[in-house]
Peer 1: 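So that we are looking at the same thing, I have put the structure below in structure tokens.
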There are 2 protein chains.
Amino acid sequence: MKQEQRNTGLDRETVVRKLREHGITPTQQRVEIATVLFERPQHVCADQVLAQVNAVESLVSKATVYNTLGLFAKKGLIREVLVDPARLFYDSNMIPHHHMYHTDSGMLEDVAPGQVQLGALPEVPEGMVIEGVDVVIRVRRI
Amino acid sequence: MKQEQRNTGLDRETVVRKLREHGITPTQQRVEIATVLFERPQHVCADQVLAQVNAVESLVSKATVYNTLGLFAKKGLIREVLVDPARLFYDSNMIPHHHMYHTDSGMLEDVAPGQVQLGALPEVPEGMVIEGVDVVIRVRRI
DNA sequence: TTCTGTGCTAGACTTTGTCTAAACGCAATA
DNA sequence: TATTGCGTTTAGACAAAGTCTAGCACAGAA
Ligand SMILES: [Mn+2]
Ligand SMILES: [Mn+2]
Ligand SMILES: [Zn+2]
Ligand SMILES: [Zn+2]
């Protein structure tokens, strides 16, 4: 891969620190991908990341994009969002929140956690922990 | 396709009536698929339906299984469940409920709606309606 | 310098699901 | 009876998301 700076609000330092804080070795490619992801809170799928990262020149391979997104999700840097049966979205906004999905347009919006009152959760089986609670409100045009 | 009776608790009459009630023309294949689905409330993906329907002898093609599951979902006979990014599950239990998904084993359990207190939902944009609210509690072994 | 481990890569491959074009089934008409 | 029409089914080609493999690069340790 070639290397060149991307003009964004995030400097390399900040991104590298963020990766280190999550126990991730900050390679050239991972920094490149993280820079795209954290430019702003967003919902993106693998191919969009691949396209954005390689917009100017080819910097990262498909395999690495998939591997890296998987790694970031496992390490708690980003979050998987399941709304479209055809592809997996990743959410670079880790502040707890829910989603509103527009089934006809494919649009995905954040919903502040306060807007959905989640009361008592069910008993979790012995020896198990809750990894997360996903609430998706599916809406469509009348 | 060949035709032959399947020994199940559900008789053909009941299934045919159910399809008609939802505005679906009860063809041989649709009845076959519905019989598998409604033997008991369950979560199944397309290939499981394909396999079950054709267990004894080839009764329904792949294309028809996919088309029919899509049709049934659209007509409100069954419900899509998105928990596994690799495949779409269908739920033959239409009584409103939520889900607990065991991420390591792939197991999917029902959660009674009373066990999750969903308070106020967010404002829905003008001209849109809520199609459904899906709550998935992801759990894993400690 | 050589060895070792981690990461990256192209491209083959797998799997889920969709599409197409032809054939089928059946009822209504001629 | 023959014909037409329409919705349905079908095999198999196809598309797209995602995974896997085998080789290479590179850094640090010995
Ligand atoms: Mn995409
Ligand atoms: Mn399956
Ligand atoms: Zn979000
Ligand atoms: Zn269920």
Peer 1: B/Gln28 CD to D/dT9 P: how many Å, rounded?
Peer 2: 10 Å

Peer 1: Does the side chain of A/Asp91 come under 3.5 Å of the side chain of A/His99 through a donor N or O and an acceptor N or O?
Peer 2: yes

Peer 1: So, is A/Gln29 close to the C/dT9 phosphate, meaning a side-chain N or O under 4.0 Å from OP1 or OP2?
Peer 2: yes

Peer 1: Does D/dT8 have its OP1 or OP2 closer than 4.0 Å to a side-chain nitrogen or oxygen of B/Thr25?
Peer 2: yes

Peer 1: Please report, rounded to the nearest Å, how far the C1' atom of C/dG7 is from the CD1 atom of A/Ile33.
Peer 2: 12 Å

Peer 1: How many whole angstroms separate atom CG of A/Asp84 from atom P of D/dA17?
Peer 2: 10 Å

Peer 1: Any side-chain hydrogen bond (donor to acceptor under 3.5 Å, both in side chains) pairs touching residues 115-128 of chain A, not counting sequence neighbours?
Peer 2: none

Peer 1: Which is true for A/Thr27 with a 4.0 Å heavy-atom rule: it touches a base, it touches only sugar-phosphate, or it touches nothing?
Peer 2: sugar-phosphate

Peer 1: Can you check the B/Ile24 CD1 to D/dT9 P distance for me, whole Å?
Peer 2: 11 Å

Peer 1: Tell me which pairs pass side-chain hydrogen bond (donor to acceptor under 3.5 Å, both in side chains) where either residue lies in residues 14-23 of chain A, with sequence neighbours left out.
Peer 2: A/Asp11-A/Thr14

Peer 1: Under 3.5 Å, which N/O atoms of the protein pair with N/O atoms of nucleotides 18-20 of chain D?
Peer 2:
unit_1, atom_1, unit_2, atom_2, d
D/dG18, OP1, A/Leu88, N, 2.9
D/dG18, OP2, A/Tyr66, OH, 3.3
D/dG18, O6, A/Lys62, NZ, 2.9
D/dT19, O4, A/Lys62, NZ, 3.4

Peer 1: Under the side-chain contact (heavy atoms from CB on, under 4.5 Å) rule, collect the residues that match up with B/Val136, sequence neighbours excluded.
Peer 2: B/Val83, B/Tyr101, B/Arg138

Peer 1: Name every donor-acceptor pair, under 3.5 Å, that has one atom in a side chain of residues 70-79 of chain B and the other anywhere in the protein, sequence neighbours excluded.
Peer 2:
unit_1, atom_1, unit_2, atom_2, d
B/Arg79, NH1, B/His97, O, 3.2
B/Arg79, NH2, B/His97, O, 3.0

Peer 1: Report yes if a side-chain nitrogen or oxygen of B/Ser61 is closer than 4.0 Å to either non-bridging phosphate oxygen (OP1 or OP2) of D/dT9; otherwise report no.
Peer 2: no

Peer 1: Quick one: A/Leu71 CG to C/dG7 C1', roughly how many Å, whole number?
Peer 2: 11 Å

Peer 1: Just to verify, what does A/Glu109 make a salt bridge (Lys or Arg N to Asp or Glu O under 4.0 Å) with, not counting sequence neighbours?
Peer 2: none

Peer 1: Let me know the distance between CG of A/Leu50 and P of C/dA10, rounded to the nearest Å.
Peer 2: 10 Å

